[in-house]
Visitor: 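The following block contains the structure, expressed as structure tokens.
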Amino acid sequence: MVLGNYKSAVAARSTDKGILSASQDGGIVTQLFAFALDEGIIDGAIVAGPGAEPWMPEPVVATTKAELLAARGTRYTISPNMALIKEATRSYGLDKVGIVGTPCQMQGLRKAQLYPIGMRDVPDKIALAIGIFCMENFPYQGLETMVEDHCTVKMESAVKMDIGKGKFSVYTERGGLSQIPLKLTHKYEQPGCHVCLDYVSNLADVSTGSVGTPDGWSTVFVRTKVGDGVWARAVDAGCFETKPIEEVKPGLELVTKLATDKITKNQKTVEARASFGVKADGSGKALRNPYL
Ligand SMILES: Cc1cc2nc3c(=O)[nH]c(=O)nc-3n(C[C@H](O)[C@H](O)[C@H](O)COP(=O)(O)OP(=O)(O)OC[C@H]3O[C@@H](n4cnc5c(N)ncnc54)[C@H](O)[C@@H]3O)c2cc1C
Ligand code: SF4
């Protein structure tokens, strides 16, 4: 269950070289939204577009392929994509909304659909939710410190950042690569991530990440009826090259291991909050547990 419910899992990458040129992994997010936009399955998608500072994402409602392309790549810092969900159905006038986000953002989305507090019209207008895998995230200042102080790369000189194989890697415009072990990045993690119990976006229609497949490919879980319908149409239309996940290394075994590690570690943090403080009478005082 650490990988959530899914109908199928595959290794995949976009067949569009233009998309792959700057996508993080197999370009699954950008390709699937571009296809859904073309086919009228969505009329726009909330993505993490370029922001005011280098590597600072700014949520945008993309209604063209060019805007989707501009949002490619992972920004390892918070992009509050859910903040636009209501506005997408208001001033943007969307009836079929796409959204990409981390597991916590997929949870926020499903909660808004089931318990729409201040979210009139939103629940029925969600057409395609693509979730990305996420081990942890970083505040912008923390990311800047990791890149500029630890990796000694100027934020504006970085062309790609990546977390994998125990390292945080920064690729530069001049072809350089600077890496630090992940143990140096732990103190910059967003503290709220330490109570997060979802690694592979269990609540998305389709979820995707890099872990499990070779460089340039993505691991894809097709989870819901909606996700299955869109994915099958996109594959039929030739948008993706796919391989059975069982045929690629390291495959689902590594995804399962990392998901288990994350959930086990964070479950302990959740439990420790129950006896975090001490009351005047000496008994334990709990910090709030949002799961209770
Ligand atoms: C904070 C974070 C941690 C991650 N950790 C892991 C991990 O541990 N293991 C793993 O396998 N994969 C992880 N990923 C996912 C991975 O880095 C890729 O985003 C994913 O594989 C999609 O690649 P793609 O080539 O399909 O997407 P692309 O076609 O390159 O598109 C990427 C999409 O992600 C969106 N995006 C970028 N940054 C953010 C953000 N900060 N918040 C919300 N949306 C964003 C962009 O809007 C864009 O639409 C993480 C991603 C993030 C943002
Ligand atoms: S670790 Fe969890 S809470 Fe933190 S950004 Fe990722 S999904 Fe959200």
Side-chain angles (χ1 to χ4, degrees), residues 11-14 16 18-34 45-51 55-62 65 67-84 98-109 129-140 142-143 160-166 168-169 182 185 188-204 206-213 215-221 240 250 252 254-255 257-259 261-263 265-266 269 290:
R13 69 177 173 192
S14 168
D16 182 332
I19 288 181
L20 286 178
S21 65
S23 62
Q24 185 73 15
D25 298 306
I28 306 300
V29 178
T30 304
Q31 175 70 80
L32 200 56
F33 278 151
I46 303 172
V47 294
W55 294 93
M56 181 183 278
E58 167 90 24
V60 294
V61 177
K65 186 171 176 189
E67 288 168 304
L68 290 173
L69 290 175
R72 282 171 299 172
T74 300
R75 263 57 53 79
Y76 285 99
T77 187
I78 298 130
S79 177
N81 292 357
M82 273 297 289
L84 274 181
I99 181 166
V100 59
T102 47
C104 56
Q105 294 173 334
M106 293 298 109
Q107 289 171 13
L109 177 76
I130 307 182
I132 46 186
F133 301 177
C134 179
M135 187 59 86
E136 72 271 307
N137 207 345
F138 303 91
Y140 186 74
L143 181 68
K160 182 169 182 171
M161 298 180 196
D162 187 35
I163 293 181
K165 302 185 183 87
F168 174 69
S169 306
L182 281 184
T185 66
Y188 304 109
E189 290 166 6
Q190 171 179 239
C193 293
H194 297 156
V195 295
C196 175
L197 305 176
D198 185 347
Y199 178 55
V200 287
S201 275
N202 295 356
L203 298 184
V206 173
S207 49
T208 186
S210 49
V211 162
T213 40
D215 287 352
W217 286 75
S218 298
T219 300
V220 178
F221 292 104
F240 294 106
L252 288 191
L254 183 61
V255 189
K257 183 194 175 303
L258 292 178
D261 288 352
K262 172 176 177 174
I263 293 163
K265 181 165 128 293
N266 289 351
T269 308

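Both backbone and side-chain heavy atoms feed into the values below; hydrogens, waters and symmetry mates do not. Counting starts at 1 for both ligands and their atoms, in listed order. Model, not experiment: these values are computed from the prediction.
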Visitor: Give me the atom names and distance for the closest heavy-atom approach of A129 to M106.
Guide: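 Answer, listing the atom of A129 first, then M106: CB-SD, 3.8 Å.
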
Visitor: Any idea how F138 and F168 line up, ring-wise: parallel (<30°), tilted (30 to 60°), or perpendicular (>60°)?
Guide: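 Aromatic pair F138/F168 classed tilted.
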
Visitor: List every atom of ligand 1 that sits less than 4.0 Å from any heavy atom of G209, numbering the atoms from 1 in the order shown and giving each element.
Guide: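 This gives 11 (O), 12 (N), 21 (O) as the contact atoms.
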
Visitor: Below 4.0 angstrom from a heavy atom of N81, which ligand 1 atoms are there? Numbered from 1 as shown, please.
Guide: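 Once the distances to N81 are compared, the set is 43 (C), 44 (N).
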
Visitor: Has ligand 1 got any nitrogen or oxygen that is less than 3.5 angstrom from a nitrogen or oxygen of G73?
Guide: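 Yes - when backbone and side-chain N and O of G73 are compared with those of ligand 1, one distance drops under 3.5 Å.
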
Visitor: Say you draw a straight line from CD1 of I19 to CZ of R72; how long is it, rounded to the nearest 0.5 Å?
Guide: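 Answer rounded to 0.5 Å: 7.5 Å.
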
Visitor: Which atom names give the shortest non-hydrogen contact between T77 and P139, and what distance separates them?
Guide: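 Shortest heavy-atom contact: OG1-C, 3.4 Å.
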
Visitor: What protein heavy atom is closest to atom 39 (C) of ligand 1, reported as residue, atom name and distance in Å?
Guide: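 Its nearest protein heavy-atom neighbour is A48 CB, 3.9 Å.
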
Visitor: On a heavy-atom basis, which atom in S218 and which in G27 lie closest, and how many Å separate them?
Guide: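 Distance-wise, the nearest heavy atoms are OG-N, 4.4 Å.
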
Visitor: Relative to the heavy atoms of G27, which atoms of ligand 1 are at a distance of less than 4.0 Å?
Guide: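 Answer for ligand 1: 24 (P), 25 (O), 26 (O), 29 (O).
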
Visitor: Does at least one non-hydrogen atom of Y199 fall below 4.0 angstrom from an atom of ligand 1?
Guide: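 Yes; Y199 lies near enough to ligand 1 that a heavy-atom distance drops under 4.0 Å.
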
Visitor: What is the nearest protein non-hydrogen atom to atom 33 (C) of ligand 1, stated with its residue, atom name and distance?
Guide: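 In this structure, atom 33 (C) of ligand 1 has V29 CG1, 3.8 Å as its nearest protein heavy atom.
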
Visitor: I need the minimum non-hydrogen distance between P57 and R75, along with the two atoms involved.
Guide: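 Taking P57 first and R75 second, the nearest heavy atoms are CG-CB, 3.9 Å.
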
Visitor: If the cut-off is 4.0 Å to any non-hydrogen atom of E136, which atoms of ligand 1 fall inside it?
Guide: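 Counting from 1, the qualifying ligand atoms are 1 (C), 3 (C).
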
Visitor: Please report the C-alpha distance between T30 and L69 in whole Å, then the side-chain angles of each, then the deciding distance to 0.1 Å, and finally whether the side-chain contact (heavy atoms from CB on, under 4.5 Å) criterion is met.
Guide: CA-CA 7 Å; T30 304; L69 290 175; 4.0 Å; yes

Visitor: Relative to the ring of Y199, is the ring of F133 parallel (under 30°), tilted (30 to 60°) or perpendicular (over 60°)?
Guide: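 F133 vs Y199 ring planes: tilted.
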
Visitor: Could you establish whether Q31 and ligand 1 come within less than 4.0 Å of each other, counting only heavy atoms on the residue side?
Guide: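 No, Q31 has no heavy atom closer than 4.0 Å to ligand 1.
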
Visitor: For atom 50 (C) of ligand 1, what is the nearest protein heavy atom, given as residue, atom name and distance?
Guide: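 Answer, as residue, atom name and distance: F133 O, 3.0 Å.
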
Visitor: Tell me which one of I28, T102, I132 gets a heavy atom nearest to atom 22 (C) of ligand 1.
Guide: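 That would be I132.
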
Visitor: For ligand 1, which atoms have a heavy atom of V47 less than 4.0 angstrom away?
Guide: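 Here the atoms of ligand 1 in question are 47 (O), 49 (O).
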
Visitor: P57 versus ligand 1: do any nitrogen or oxygen atoms come within less than 3.5 Å of each other?
Guide: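 So ligand 1 has no N or O lying under 3.5 Å from an N or O of P57.
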
Visitor: How far is atom 17 (O) of ligand 1 from its nearest protein heavy atom, and which residue and atom name does that atom have?
Guide: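 Going atom by atom, the protein heavy atom closest to atom 17 (O) of ligand 1 ends up being T74 OG1, 2.7 Å.
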
Visitor: Distance under 4.0 Å to a non-hydrogen atom of P103: what atoms of ligand 2 satisfy this?
Guide: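 What qualifies from ligand 2 is 7 (S).
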
Visitor: Does only the side chain of M135 get under 4.0 Å from ligand 2, or the backbone, or both, or neither? Count heavy atoms.
Guide: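 Backbone only; the side chain of M135 stays clear of ligand 2.
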
Visitor: Just distances here: any N/O of T77 and N/O of ligand 1 closer than 3.5 Å?
Guide: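 Checking ligand 1 against T77, an N or O pair does fall under 3.5 Å apart.
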
Visitor: Kindly identify the option in W55, F33, F138, Y76 whose heavy atom sits closest to atom 2 (C) of ligand 1.
Guide: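 When every heavy atom of W55, F33, F138, Y76 is considered, Y76 comes closest to atom 2 (C) of ligand 1.
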
Visitor: Just need the protein heavy atom nearest to atom 5 (S) of ligand 2, so name the residue and atom and give the distance.
Guide: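 Going by distance alone, atom 5 (S) of ligand 2 is nearest to N137 CB, 3.5 Å.
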
Visitor: Within the 4.5 Å heavy-atom criterion, are L109 and M82 side-chain neighbours or not?
Guide: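 Of all side-chain heavy-atom pairs linking M82 with L109, at least one is under 4.5 Å.
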
Visitor: Under 4.0 Å from a heavy atom of S210: give me the atoms of ligand 1 that qualify, with their elements.
Guide: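 Those qualifying, in numeric order: 10 (C), 11 (O), 12 (N), 21 (O).
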
Visitor: Please give me the minimum heavy-atom distance between M135 and K262, naming the atom from each residue.
Guide: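 Taking every non-hydrogen atom into account, SD-CB, 3.6 Å.
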
Visitor: Number the atoms of ligand 1 from 1 as they appear, then name those within less than 4.0 Å of a heavy atom of Q105, with their elements.
Guide: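 Those qualifying, in numeric order: 43 (C).
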
Visitor: Considering only protein heavy atoms, which is closest to atom 38 (N) of ligand 1, and at what distance to one decimal place?
Guide: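 Answer, as residue, atom name and distance: R75 N, 3.1 Å.
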
Visitor: Which residue supplies the protein heavy atom nearest to atom 29 (O) of ligand 1, what is that atom called, and how far is it?
Guide: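 Checked against all protein heavy atoms, atom 29 (O) of ligand 1 sits closest to T30 OG1, 2.6 Å.
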
Visitor: Rounded at 0.5 Å granularity, tell me how far CD1 in I132 sits from CG in D25.
Guide: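 The distance works out to 10.0 Å.
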
Visitor: For V60 and E67: C-alpha separation, side-chain torsions, deciding distance, then whether side-chain contact (heavy atoms from CB on, under 4.5 Å) applies.
Guide: CA-CA 9 Å; V60 294; E67 288 168 304; 5.6 Å; no

Visitor: So which protein heavy atom does atom 6 (Fe) of ligand 2 come closest to, and at what separation?
Guide: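 Result: C134 SG, 2.3 Å.
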
Visitor: Please write down residue, atom name and distance for the protein heavy atom closest to atom 4 (Fe) of ligand 2.
Guide: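 Protein heavy atom at minimum distance: C193 SG, 2.3 Å.
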
Visitor: Let's go through N81 and S79 carefully: what are the C-alpha distance in whole Å and the side-chain angles of both, what is the deciding distance for side-chain hydrogen bond (donor to acceptor under 3.5 Å, both in side chains) to 0.1 Å, and is it a yes or a no?
Guide: CA-CA 6 Å; N81 292 357; S79 177; 2.7 Å; yes

Visitor: Can you tell me how far CZ of R13 sits from CG of D215, rounded to the nearest 0.5 angstrom?
Guide: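 D215 atom CG to R13 atom CZ measures 11.5 Å (nearest 0.5 Å).
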
Visitor: Which heavy atom of the protein is the closest neighbour of atom 46 (C) of ligand 1, given with residue, atom name and distance?
Guide: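 Answer, as residue, atom name and distance: A71 O, 3.1 Å.
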
Visitor: Of the backbone and side-chain N, O or S atoms of C196, does one lie nearer to atom 2 (Fe) of ligand 2 than 2.8 Å?
Guide: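 So C196 counts as coordinating atom 2 (Fe) of ligand 2, yes.
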
Visitor: Indicate if the distance from atom 8 (Fe) of ligand 2 to the nearest N, O or S atom of C104 falls below 2.8 Å.
Guide: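 Yes, within the cut-off.
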
Visitor: Considering only the protein, which heavy-atom contact is closest to atom 30 (O) of ligand 1, and what is its distance?
Guide: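 Of every protein heavy atom, Q24 N, 2.8 Å lies nearest to atom 30 (O) of ligand 1.
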
Visitor: Let's go through V61 and I46 carefully: what are the C-alpha distance in whole Å and the side-chain angles of both, what is the deciding distance for side-chain contact (heavy atoms from CB on, under 4.5 Å) to 0.1 Å, and is it a yes or a no?
Guide: CA-CA 4 Å; V61 177; I46 303 172; 4.3 Å; yes

Visitor: One residue to check: K262. Relative to ligand 2, which of side chain, backbone, both or neither has a non-hydrogen atom less than 4.0 Å away?
Guide: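 Answer for K262: side chain.
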
Visitor: Between I28 and F240, does the side-chain contact (heavy atoms from CB on, under 4.5 Å) criterion hold? Intermediate values first, please.
Guide: CA-CA 8 Å; I28 306 300; F240 294 106; 3.7 Å; yes

Visitor: Please report the shortest heavy-atom distance between T219 and S210, naming the atom on each side.
Guide: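 For T219 versus S210, the nearest heavy atoms are OG1-O, 4.3 Å.
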
Visitor: Find the distance between SG (C196) and NZ (K265) and round it off to the nearest 0.5 Å.
Guide: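 With rounding to 0.5 Å, SG (C196) is 10.0 Å from NZ (K265).
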
Visitor: Out of curiosity, is I163 lining ligand 1, as in a heavy atom under 4.0 Å away?
Guide: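 No heavy atom of I163 comes that close to ligand 1.
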
